[in-house]
Amino acid sequence: MAREFQRGHKAKISDLTPGTDLYVGVQIAAPGLTFDISCFGLDANEQLSDDRYFIFFNQPKSPEESIQLLGAQSGDTESFRVTLDRIPAAIQKLSFTATLDGSGQMSQIGPGYIRIVAGGEEVVRYAFTGSEFTTERAVMLGDFYLKDVWRFAAVGQGFDGGLDALLKNFGGEVAEEEAPPAAAPAAAPGFAPPAQAAAPPAFGAPPAAQAPQPAPSFAAPPAPTPSPAPQQPMHAAPTIAAPLAPQMPQAPQAPSPYGQPHQPQQPHQPQFGQVPGQGAPPAPPFGQQAPAPYGQPAPTPYGQQPPVGMPPGVPQGMHQGVPQGVPATGAGLQAALQPYKEAATGQRWTPQNQQLMRVDLTMGGSGVLARQGSMVMYQGKVDFGYKSAGFVGRAVGNATGQEMQLMRCTGRGQVFLAEEGSHLHPIELQGDAICVSAESVLAFDESLQYEVRRVEGHGIPGGALFTMQFQGTGTVIVKTHGTPVVLPVTPTTFADCNAVVAWSAASQVIVSSQVRLRRNAYPGHSGETVNLQFRGAPGNFIVIQPYEV
């Protein structure tokens, strides 16, 4: 039986089917509208670094045929064949998209879906309708992405700009297209599924490569003429052609020193900037350097080394043609800002760097609960509301030290979260649970269940007797001071109570004290008197930060 996905749902492919030769079908339709359905093969940075993995009607298969466009069949507007174990390692994500060819908006579409079929049996389906969109002209329907193993995510995120916006989002370039010649009017193909849709094909061993049939859903326009690639200059710097030196009568050569054979002198070639025929400059006094020829940098003085990163002969304050006092800007302002641009989208939670987290509220369907005041910027239509814990919640929070002052973020847009430069780590839960101190939580999906859990003993982070337990399907953002380390739980695992950040909910926590009566007779102690001992089955873990609360 097929699993029904909602927007934002994710699952491992191995949990859906043991097969890797998959059929992907897309059904999308609207009266009077035409759609182009494509697949983008993206690298680890979610960029289209290889144009050969942009699969659409003009390029129906990848080089090794791991992604093939099959056309309309079995009630699907468009279909693909994806062989996961043949996809090259450079491709880390497959994004299936639909764009409008012509005028219209995605809000006009009727009920549609993207589905995965393995061995002739449908294993997952993500259904959508036009009510989920507004003025979008392109939409990302679903993704295959590699995170240890191949997974599938229902995306449902739209773009107002259509195919051009998708290409720019994935790092591609939009070529200038010539106006297509007027075509004879033809009846638009129907998008409604037939009354009795045939079963989707069952893939076994990969058959011999066949030329895929053109999709009847598309009125294939003539291929756009690609603009000629700009020719690269042969040299990075302009070539200076010095004038030819005329043949001048040679001066009589001086006799060779006594006891040395006579060596014929080569005709003197004038240096750049020197008048032809002019003699060589006189030798400098002993211990001094000869002056540099005109237009060339002076050599480095004897016994001195050029500054680090600068070639010999370049004076301080001048680097690669930049005058002294003018800051070097590299290849321009855009190149200088390139390392800090917004990270590629496609997931609900996206780290921008170690201290900044981006959450896309258009994905997932539910809101986000974040620590009050943690928003540093947002885009789109986002509402921020106070999240009240209620009288009982406030009483429990005050009594246990696990009170969280939260705000609710809802709407359609992107919110950037940070707090005091702490390192942020997204932890994705898929039905499991984790214990985190309230002080270490920055934000989490509202779909997660959370409650205060008592610890047997004292000494957990912040000196409280309790911790927060999060459980369900969603993501919780944990903040740490510095880069943490994750350790497996063994029978002899002890941790400083003030350095523990989180641990698996199935672990047993016991207070271990090294205080002895005879030790108290002496002034002072080691400072490590109370620790936490963790016990649990293999697979349990603890997270430690290089900082004590």
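Note that the structure is predicted; figures quoted are calculated from it, not measured. Hydrogens, waters and symmetry mates are skipped; everything else that's a heavy atom, side chains included, is used.
Remark: side-chain polar atoms of Q59 are paired, donor with acceptor, to backbone N or O of D51 under 3.5 angstrom. The backbone N or O of V436 sits less than 3.5 Å from a side-chain atom of T467, completing a donor-acceptor pair. With hydrogens and angles disregarded, no donor-acceptor distance shorter than 3.5 Å links the side chain of T83 to the backbone of D85. Side chain of S95 to backbone of L42: no donor-acceptor contact under 3.5 angstrom is found. Q372 contributes a side-chain N or O that, together with a main-chain N or O of L406, makes up a donor-acceptor pair within less than 3.5 Å. Although no hydrogens or angles enter the test, the distance criterion places a donor-acceptor pair under 3.5 Å between the side chain of S504 and the main chain of F541. The closest donor-acceptor contact from the side chain of E121 to the backbone of A118 lies at 3.5 Å or more, if one exists at all. Looking only at distances, a side-chain donor or acceptor of Q92 sits under 3.5 Å from a matching main-chain atom of A89. In terms of modelled atom types and a separation under 3.5 Å, the side chain of D50 and the main chain of R52 share a donor-acceptor contact. Put simply, the side chain of R137 gets close to the backbone of G104: a donor and an acceptor are under 3.5 Å apart.
The closest side-chain heavy-atom distance from V415 to V368 is not below 4.5 Å. Side-chain contact check for T473 versus K10: every heavy-atom pair is 4.5 Å or farther apart. Between T34 and L100 the shortest side-chain heavy-atom distance does not fall below 4.5 Å. For the pair Y450 and V476, the minimum side-chain heavy-atom distance is 4.5 Å or more. Between V117 and L22, the closest side-chain pair of non-hydrogen atoms is not below 4.5 Å. At least one side-chain heavy atom of R453 sits under 4.5 Å from a side-chain heavy atom of C435. Between V543 and Q545, the closest side-chain pair of non-hydrogen atoms is not below 4.5 Å. Inter-residue side-chain proximity for L361 and C409 is flagged as met; some heavy-atom pair is nearer than 4.5 Å.
Both cation-pi conditions hold for R7 and F133: the charged atom is under 6.0 angstrom from the six-membered ring centre and inside a 45 degree cone around its axis.
By the 4.0 Å N-to-carboxylate-O rule, D445 lies close enough to R348 to be salt-bridged with it. Classification of D76 and R115 as a salt-bridged pair holds, one side-chain N sitting under 4.0 Å from a carboxylate O.
Taken from OG in S38 to CG in N58, the straight-line distance is 10.0 Å, to the nearest 0.5 Å. Here the NE2-OG1 distance, from H423 to T480, works out to 6.5 Å after rounding to the nearest 0.5 Å. For the atom pair CZ of F144 and CD1 of I116, the computed distance is 3.5 Å after rounding to the nearest 0.5 Å. I87 CD1 to K93 NZ: the interatomic distance, rounded to the nearest 0.5 Å, is 13.5 Å. In this structure, the separation between CD on Q414 and CZ on R412 is 9.5 Å, given to the nearest 0.5 Å. Rounding to the nearest 0.5 angstrom, the gap separating the OG atom in S374 from the CD atom in E420 is 11.0 Å.
A side-chain N or O of S79 and one of Q73 form a donor-acceptor pair less than 3.5 Å apart. Checking Q352 against T350 by side-chain atom types alone, no donor-acceptor pair falls below 3.5 Å. Looking at N353 and Y340, their side chains never bring a donor and an acceptor atom within 3.5 Å of each other. Side chains of E428 and Q430: a donor on one and an acceptor on the other come within 3.5 Å. In the model, Q157 has a side-chain atom that pairs as donor or acceptor with a side-chain atom of D360 under 3.5 Å. Donor-acceptor pairing under 3.5 Å is recorded for the side chains of E64 and S66.
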* Going through the distances and angles, do I13 and F152 end up as a side-chain contact (heavy atoms from CB on, under 4.5 Å)? -> CA-CA 6 Å; I13 297 296; F152 175 74; 3.8 Å; yes

* Before giving the answer on salt bridge (charged side-chain N to carboxylate O under 4.0 Å, His left out), spell out for D15 and R151 the whole-Å C-alpha distance, their side-chain angles and the decisive distance to 0.1 Å. => CA-CA 9 Å; D15 292 341; R151 304 166 186 253; over 6 Å; no

* Steps toward side-chain contact (heavy atoms from CB on, under 4.5 Å) verdict (I114, F96) -> CA-CA 9 Å; I114 179 172; F96 295 90; 3.9 Å; yes

* To do: Could you walk me through whether M357 and F416 pass the side-chain contact (heavy atoms from CB on, under 4.5 Å) test, one step at a time?
  => CA-CA 6 Å; M357 184 67 60; F416 294 79; over 6 Å; no

* R81 and D21: CA distance, side-chain angles, deciding distance, salt bridge (charged side-chain N to carboxylate O under 4.0 Å, His left out) verdict -> CA-CA 7 Å; R81 180 182 182 182; D21 200 356; 2.6 Å; yes

* Mind running side-chain contact (heavy atoms from CB on, under 4.5 Å) on T77 and V26 for me, showing each step along the way? => CA-CA 6 Å; T77 308; V26 175; 5.6 Å; no

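Taking the six-membered ring where tryptophan is involved, the planes of F40 and F170 are tilted, since the angle between them lies from 30° to 60°.
Residues A370 and L417 come closest through the heavy atom pair CB-CD1, 4.1 Å. Residues G474 and S447 approach most closely at CA-OG, 4.4 Å, considering heavy atoms. Of all heavy-atom pairs between W503 and S507, the closest is CD1-CB, 4.2 Å. Of all heavy-atom pairs between Y126 and G156, the closest is OH-CA, 3.5 Å. The two residues A506 and N540 have their closest heavy-atom pair at CB-OD1, 3.3 Å. The two residues T129 and P111 make their nearest non-hydrogen contact at CG2-CA, 4.0 Å.
In the displayed structure, F384 atom CZ is contacted under 6.0 Å by more than 12 heavy atoms of other residues, nucleotides or ligands.
Aromatic pair F128/Y113: ring centres not closer than 6.0 Å.
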